[in-house]
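Working notes, structure below.
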Amino acid sequence: MMDKTFDPQAVEGRIAAAWEEAEAFRAGRPERAGAALFTIVIPPPNVTGSLHMGHALNTTLQDILCRFERMRGKDVLWQPGTDHAGIATQMVVERQLMERQEPRRTALGREKFVEKVWAWKAQSGGAIVEQLKRLGASCDWTRERFTLDEGLSRAVIKVFADLYQQGLIYKDKRLVNWDPALQTAISDLEVVQVETKGHLWHFKYPVVDERGEETGEFIVVATTRPETMLGDTAVAVHPGDPRYKHLHGKKVRLPLVGRLIPVIADEYSDPEKGTGAVKITPAHDFNDFEVGRRHGLRLINVLSAEAELTLRDNEEFLRGAGPSADLDILLGELDSLRRDVARKRVVELMEARGLLEKAEPYTHMVPHGDRSGAVIEPWLTDQWYVNAKVLAGPAMEAVRAGKTRFIPKNWEKTYFDWLENIQPWCISRQLWWGHRIPAWYGPPKSADGTVIKAGGGAELASLSDHWEIFVGESEEAAVKAAEAHYGRPVKVIEAGGLGEAVLAGEAVPLFRDPDVLDTWFSAALWPFSTLGWPDETPELKERYPTSVLVTGFDIIFFWVARMMMMGLHFLGDVPFRDVYIHALVRDEKGAKMSKSKGNVIDPLELIGIYGADALRFTLAAMAAQGRDIKLSAQRIEGYRNFGTKLWNAARFAEMNGCVLDPAFDPRQMKITLNRWIVGETAKTVAEITSAIEAYRFNEAAGAAYRFVWNIYCDWYLELAKPLLQGADGPAKEETRAATAFVREQLLKLLHPFMPFITEELWAITASPHRPRASLLALAEWPDLAGCENPAAEAEIGFIVELISEIRSVRAEMNVPPAAQIPLVLVNASAGVKAYVEAWDETIRRLARLSEIAFSGAAPPKSVQTVVRQTVAALPLHGFVDIEAERTRLVKEIAKLKGESSKIEAKLNNREFVARAPEEIVEENRERLAETLSKQEKLTAALERLQGA
RNA sequence: GGGCGGUUAGCUCAGCUGGUAGAGCAUCUCGUUUACACCGAGAGGGCCGGCGGUUCGAGUCCGUCACCGCCCACCA
């Protein structure tokens with residue numbers, strides 16, 4: 001005997017183990033040889049991660065697709081894995097070291113630290129994978145990959161080396177987004193603009209004449225960053241701005257520093273903004289950098305990696321300023337100040353000198369690192385870049401040509417907009433956890449072929465712009481290339497020991513770039529690196545391009561676009577045919593879930609309370625395209641109840657001996673009721689199938705829900721009770737078989753959405769004599785084409801409507817539920833009579849009637865209603881309240897009148913009759929006739945009531 | 001500043017190619033009829049944000065305005 005409810009906690013683990021044991025999710029199962037292929041690569045979650053709602057939604061949708069296609073007979077590969085997540089992981093381990101008061105990263109050294117990270121990964125890195133399994137993800141876990149795996153690393157190194165040889169990866173010295181907290185460069189995408197309240201300070205820069213004497217005139221510049229003024233090398237005005245025309249070519253004295261800097265005319269300066277004159281700090285502002293480049297201005301870098309003032313490095317610049325420089329203050333007091341402290345101090349100094357015109361409150365956008373939250377500094381460094389512009393062309397073209405489809409389509413625009421304006425992609429990170437860049441540096445070779453010898457550290461640094469670069473897929477390859485280049489033996493050393501090695505003069509020293517690659521660089525290769533590339537594996541050959549990518553819109557730029565670029569460049573084809581972009585999961589008020597807001601709903605907690613199936617079904621039911629999901633526990637509870645309903649329907653079938661007969665043929669049934677439910681099932685199969693094919697998950701879930709609850713349970717099982725509980729015979733046998741058959745179909749239909757409960761029911765309801773041929777996960781998707789049955793629909797439809805109508809009237813007339821009353825059908829047609837006689841007992845039970853009679857006229861004092869043209873009269877005698885009935889009829893007639901006059905107006909409109917499709921016109925005529933006839937009958941009933 | 005979405009029942013949302021406005025929850029009334037109270041029966045509740053337009057016909061298409069949300073760009 002089954003329990004009354006399904007206990008997810010007790011069952012889920014066991015079911016998951018059964019799947020694993022049977023290797024149900026393994027790609028390339030022998031019996032599927034030659035089957036159509038279906039491939040999805042999972043968006044690899046961070047190893048540091050724990051399951052959040054975004055993962056839960058993402059995983060659920062992919063799993064629905066995979067289970068659906070697997071049941072349709074395809075050979076499915078859902079490729080799982082995790083991402084090493086450079087910055088995030090390094091931060092986690094560093095924090096851990098700090099908490100345990102162990103030596104810091106820098107104290108440990110690179111090798112030891114990386115070892116620690118691997119140890120951490122081995123111990124707690126796999127948590128997310130276990131959590132995905134709890135959700136029921138049917139990945140081929142035997143193929144799990146990690147972006148730092150040996151194989152994937154090989155792919156990364158090869159891609160880097162190839163792109164370098166092709167000139168698509170290059171090293172450049174320019175401004176990058178520098179994160180002073182993490183001490184690394186980050187890409188544009190990792191910078192978030194945050195609205196920040198600050199000030200706009202107006203500084204007066206004195207204008208000087210040819211001899212360097214101040215003329216008494218000032219040019220006023222506005223800035224939000226006073227501390228960077230120490231690195232100003234010009235003031236720009238718009239060429240057409242009349243206010244400043246006379247100053248073109250003149251100079252101003254940079255306050256505090258004292259150096260003379262030019263006033264330049266440049267279109268960049270906007271007369272509308274600030275004072276129309278803008279200070280130019282090429283080393284600390286992206287726009288200024290460009291202006292500086294146009295005008296050949298010097299770059300004065302006044303900030304350190306920690307974003308502290310480094311004025312000593314610029315002594316030469318400061319000393320060249322002449323007598324008015326506040327050298328002592330600059331070098332003594334300001335040097336090494338943090339940027340925010342320096343800002344205040346510079347303002348004070350300017351004010352003290354009468355050069356602060358005004359300071360006004362000002363709200364503006366300030367760039368922050370998305371991981372560290374630190375204010376990002378545009379900073380001049382050497383970094384590696386990918387020429388994304390070249391790779392973006394084919395990526396756009398492929399989508400334009402329809403080789404990859406975005407669903408919903410409107411995301412294509414977002415994709416195009418970004419790619420059209422793409423900037424060089426900074427891929428080097430000053431971290432230790434990640435793929436180390438396969439570039440080796442050697443000392444410069446002079447024109448005459450001699451290797452330039454270098455002295456100590458400072459001298460080395462000054463040479464850094466001139467290193468020879470050797471990129472290779474291995475150290476051996478790089479050494480070989482270097483030896484060929486220098487014509488001398490080469491020795492690989494640590495960067496720090498370079499000076500001595502060179503001085504020793506024996507071998508040419510070579511050292512490897514200490515930086516690692518952006519995590520997204522390896523992620524961009526995921527669709528082919530996980531399939532074995534650069535090896536020509538069978539999987540790669542057969543499964544690339546993959547079928548579909550399922551992901552959130554927040555990583556279209558980070559990931560989707562880059563996979564497109566890399567896939568097209570290295571494989572010559574798109575990485576996936578479809579990209580299904582799903583929504584964000586928000587809290588019930590619509591706010592983005594975040595740890596800091598404390599509104600995060602933990603999927604694991606929900607799974608613990610309601611079970612994985614309930615959570616999955618909820619997410620699917622709410623996953624309408626193009627809209628965020630606001631999740632509430634109440635909703636999940638509702639779908640948990642749905643599971644219970646399904647469970648009890650199966651339980652009922654079990655109690656009534658409904659066992660599946662494999663020989664059962666749904667097309668050979670005799671009983672109308674059974675034909676009807678199989679017909680309804682067929683409709684539902686078609687509906688769910690096409691909805692999943694079109695990624696309309698909510699519609700598929702909705703169709704399944706309605707069918708199970710409102711059709712199978714509410715009507716079929718109720719109507720089947722007399723047959724199931726009646727005397728033995730062919731009708732009972734057929735109904736038992738049909739009940740079991742339909743249950744089988746809905747377990748299959750629901751399996752992609754609720755894999756655990758359906759698999760469990762599949763096992764429980766197996767016939768004791770005939771065990772299941774396979775797990776439900778591997779069973780065949782239903783195909784009931786040709787089982788629709790309009791005749792059965794007409795009959796059962798009438799019965800359902802009749803019962804509903806009587807129930808409604810009874811409730812409205814306040815007839816006590818216990819009261820059994822008679823029903824009289826007036827002038828019923830032969831067809832209706834046949835229906836009713838066939839269902840006499842059931843109608844009486846469900847509508848709580850004492851008897852059903854046929855007559856040529858409605859009995860006096862009866863309440864009347866119309867069901868599909870037939871008047872149904874309930875002689876209520878003792879119960880009827882004439883007033884209440886009159887009110888009910890008047891109301892009902894008014895409603896019908898409104899409806900009929902609307903249709904009449906439509907049909908009287910010649911244009912409508914002439915232009916609307918014939919079927920629509922016909923439909924309206926029928927509706928009018930129906931409405932009028934019903935109206936007539938109720939009006940007659942009302943008149944009789946008044947006569948009585 | 002550029003772009004994308006949203007505005008439908010008290011709440012949360014469906015409504016795909018224009019053709020009788022739907023669901024879940026909540027509310028109200030009733031029901032211990034052995035599958036299920038995580039249940040059953042019934043009811044109430046909507047000028048589909050405003051204004052124009054196209055059309056025989058608009059929640060659905062076009063324009064426009066308002067408000068809400070998101071993305072991109074922007075340290076004067």
Side-chain angles (χ1 to χ4, degrees), chain A residues 2 4-6 193 196 198 200-202 221-225 228 236 269-270 273-280 284-288 362 364-367 375-376 378 408 410-411 413-414 417-418 421 553-554 556-557 584 586 588 590 592 610 614 621-622 624-632 634-635 637-656 691 694 696 698-699 702 705-706 713-714 717-718 721 803-804 807-812 814 816-818 845-846 848 899 902-903 906 909-917 919-921 923-924 927 931:
Chain A
M2 289 168 67
K4 273 192 170 184
T5 55
F6 170 67
Q193 303 291 338
T196 306
L200 189 60
W201 287 278
H202 292 246
V221 295
T223 182
T224 56
R225 301 209 50 192
T228 65
S269 179
D270 182 352
K273 274 187 184 167
T275 61
V278 57
K279 67 191 223 33
I280 300 297
H284 294 289
D285 180 283
F286 289 103
N287 290 311
D288 292 4
Y362 189 70
H364 61 139
M365 300 299 262
V366 178
V375 173
I376 294 304
N410 50 300
W411 289 110
K413 192 168 168 52
T414 306
D417 283 351
W418 187 69
N421 301 304
F553 61 79
D554 48 334
I556 290 178
F557 305 147
L584 229 59
R586 296 170 179 281
E588 51 197 315
K592 199 167 170 173
Y610 302 107
M622 300 183 81
Q625 286 181 11
R627 194 157 181 156
D628 288 344
I629 295 177
K630 287 182 206 161
L631 195 68
S632 72
Q634 209 178 39
R635 196 77 191 248
E637 192 179 321
Y639 289 117
R640 187 274 318 269
N641 295 353
F642 173 62
T644 307
K645 189 74 182 175
L646 176 74
W647 181 264
N648 277 287
R651 181 164 171 263
F652 172 77
E654 283 297 281
M655 291 167 73
N656 285 281
R696 297 180 184 283
N698 59 319
E699 282 178 26
Y705 184 96
R706 283 190 298 274
C713 291
D714 284 353
L717 294 182
E718 287 306 322
K721 275 179 186 171
I803 294 169
S804 303
R807 282 172 171 170
S808 171
V809 170
R810 288 181 64 120
E812 223 166 320
N814 294 318
R845 181 170 54 90
L846 296 179
R848 312 198 57 74
E899 212 173 306
K902 240 163 93 181
I903 307 172
K906 216 183 228 187
N909 183 341
R910 270 191 212 160
E911 297 281 335
F912 173 71
V913 179
R915 297 191 190 222
E919 67 211 68
I920 297 292
V921 178
E923 197 184 299
N924 274 278
R927 267 181 55 211
T931 313

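Sequence lines set the chain letters: A, B, ... in the order given, protein chains first and strands last, and positions in each chain run from 1. Scope of the values below: all heavy atoms of this structure, side chains included, with no hydrogens, waters or symmetry mates.
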### Message
Looking only at the side chain of A:Gln634 (C-beta and beyond, no hydrogens), which of the listed nucleotides B:rA43, B:rC16, B:rC25 gets closest?
### Response
B:rC25

### Task
Mind checking A:Arg706 for me? I need base, sugar-phosphate or nothing, with any heavy atom below 4.0 Å counting as a touch.
nothing

### Message
Using atom P in both nucleotides, what's the gap between B:rC36 and B:rC48 to the nearest angstrom?
### Response
44 Å

### Query
Heavy atoms under 4.0 Å, any strand shown: does A:Ser269 hit a base, just sugar-phosphate, or nothing?
base

### Query
So does A:Lys4 get a side-chain nitrogen or oxygen closer than 4.0 Å to the phosphate oxygens (OP1/OP2) of B:rC36?
yes

### Query
B:rU12 and B:rG53: how far apart are their P atoms, nearest whole angstrom?
33 Å

#### Entry: Rounded distance in Å - CG (A:Asn698) to P (B:rG15)
6 Å

### Task
Could you state the atom-to-atom distance from CD1 of A:Ile556 to P of B:rG3 in whole Å?
18 Å

### Message
Without decimals, in angstroms, what is the distance between A:Glu718 CD and B:rA41 P?
### Response
8 Å

### Task
Provide the distance between the two C1' atoms, one in B:rC70 and one in B:rC28, to the nearest whole Å.
40 Å

### Query
Considering only side-chain heavy atoms of A:Val278, which listed nucleotide, B:rA76, B:rG3, B:rA35, is closest?
B:rA76

### Query
Does the A:Ser269 side chain pair with the main chain of A:Ala277, one donor and one acceptor, at a distance under 3.5 Å?
no

#### Entry: Backbone of A:Ala614 reached by a side-chain donor or acceptor of A:Arg640 within 3.5 Å
no

#### Entry: Distance in angstrom units between A:Lys721 NZ and B:rU34 P, rounded
9 Å

#### Entry: A:Tyr705/A:Tyr639 aromatic ring centres below 6.0 Å
yes

### Message
Measuring to OP1 and OP2 of B:rA43, would you say a side-chain N or O of A:Ser808 lies under 4.0 angstrom away?
### Response
yes

### Message
Reading RNA chain B from 5' onward, which residue's closest nucleotide shows up sooner: A:Ile803 or A:Lys902?
### Response
A:Lys902

### Message
Under 4.0 Å from OP1 or OP2 of B:rA76: is there any side-chain N or O of A:Tyr362 that close?
### Response
yes

### B:rC16 to B:rG49 separation - C1' atoms, rounded to the nearest Å
23 Å

### Query
A:Asn814 and A:Glu812: side-chain contact (heavy atoms from CB on, under 4.5 Å), yes or no, with the steps?
CA-CA 5 Å; A:Asn814 294 318; A:Glu812 223 166 320; over 6 Å; no

### Query
Where the side chain of A:Arg635 meets the backbone of A:Met622, is there a donor-acceptor pair that is under 3.5 Å apart?
no

### Message
Using modelled atom types and a 3.5 Å cut-off, is there a donor and acceptor pairing between side-chain atoms of A:Asn648 and backbone atoms of A:Arg651?
### Response
no

### Query
In whole Å, what is the span from the CD atom of A:Glu919 to the P atom of B:rU20?
12 Å

### Query
When we call it a touch if two heavy atoms are under 4.0 Å apart, what does A:Arg807 touch: a base, just sugar-phosphate, or nothing?
sugar-phosphate

### Task
Using the P atom on both, measure B:rG19 against B:rG10 and round to a whole Å.
24 Å

### Dot-bracket encoding of pairs in RNA chain B, which uses [ ] for pseudoknotted crossings and | for another strand, Watson-Crick or G-U under 3.5 angstrom
(((((((..((((.....[..)))).(((((.......))))).....(((((..]....))))))))))))....

### Task
Please state how far atom NZ in A:Lys645 lies from atom P in B:rC36, giving the value in whole angstrom units.
10 Å

### Task
Round to a whole Å and report the spacing from OH of A:Tyr639 to P of B:rC25.
9 Å

### Query
Between A:Thr644 and A:Lys4, is any side-chain donor less than 3.5 angstrom from a side-chain acceptor?
no

### Task
Between B:rG52 and B:rG57, how far apart are the P atoms? Round to whole Å, please.
16 Å

#### Entry: B:rG59 versus B:rA21 - spacing of their P atoms, nearest Å
9 Å

### Query
Between B:rC39 and A:Asn641, is there an OP1 or OP2 to side-chain N/O distance shorter than 4.0 Å?
yes

### Query
Where the side chain of A:Glu699 is concerned, which of B:rG15, B:rC74, B:rC4 is the nearest nucleotide?
B:rG15

### Query
When you measure from the side chain of A:Asn924 to the backbone N and O of A:Ile920, does any donor-acceptor pair fall under 3.5 Å?
yes

### Task
Name the nucleic acid region contacted by A:Asn924, choosing base, sugar-phosphate or nothing; use a 4.0 angstrom heavy-atom cut-off, strictly under.
nothing

### Summary
Rounded to whole Å, the CZ-P distance (A:Arg640 to B:rC25) equals 12 Å

### Summary
Readout for nucleotides 56-62 of chain B: B = base within 4.0 Å of protein heavy atom, S = sugar-phosphate only, - = neither; 5' to 3' it is B------

#### Entry: Validation row: A:His364, A:Thr224 side chains within 4.5 angstrom (heavy atoms)
yes

### Query
Given B:rC4, B:rA73, B:rU20, which nucleotide is nearest the side-chain atoms of A:Met365?
B:rA73

## Note on the structure
Ranking B:rG24, B:rA35, B:rC4 by distance to the side chain of A:Asn410, first place goes to B:rC4

### Message
Given B:rC38, B:rA35, B:rA76, identify the nucleotide with an atom nearest to the side chain of A:Ala649.
### Response
B:rA35

### Message
Nearest to the side chain of A:Asn648, heavy atoms from C-beta on, is which of B:rC75, B:rA35, B:rG42?
### Response
B:rA35

### Message
Checking contacts here: which listed nucleotide (B:rG24, B:rC4, B:rG42) is nearest the side-chain heavy atoms of A:Arg635?
### Response
B:rG24

### Task
Tell me, yes or no, whether the heavy-atom count around A:Lys721 atom NZ, taken from other residues, nucleotides or ligands under 6.0 Å, exceeds 12.
yes

### Task
Map A:Arg848 and A:Thr644 onto RNA chain B by nearest heavy atom, then report which one ends up closer to the 5' terminus.
A:Arg848

### Message
At 4.0 Å (heavy atoms only), tell me whether A:Leu200 reaches a base, stays on the sugar-phosphate, or touches nothing.
### Response
sugar-phosphate

### Task
State which of B:rU20, B:rC16, B:rA76 makes the closest approach to the side chain of A:Glu923.
B:rU20

### Query
Any donor and acceptor pair, going by atom type alone, linking the side chain of A:Thr931 with main-chain N or O of A:Arg927 inside 3.5 Å?
yes

### Query
On a whole-Å scale, what distance lies between the P atoms belonging to B:rA9 and B:rG1?
32 Å

### Task
Ignoring hydrogens and angles, tell me if any N or O in the side chain of A:Arg810 forms a donor-acceptor pair with the backbone of A:Pro816 under 3.5 Å.
yes

### Query
Please walk me through it: do A:Arg807 and A:Arg848 pass side-chain contact (heavy atoms from CB on, under 4.5 Å)?
CA-CA 8 Å; A:Arg807 282 172 171 170; A:Arg848 312 198 57 74; over 6 Å; no

#### Entry: Residue A:Met655, side-chain heavy atoms: nucleotide from B:rA76, B:rA35, B:rG24 that is nearest
B:rA35

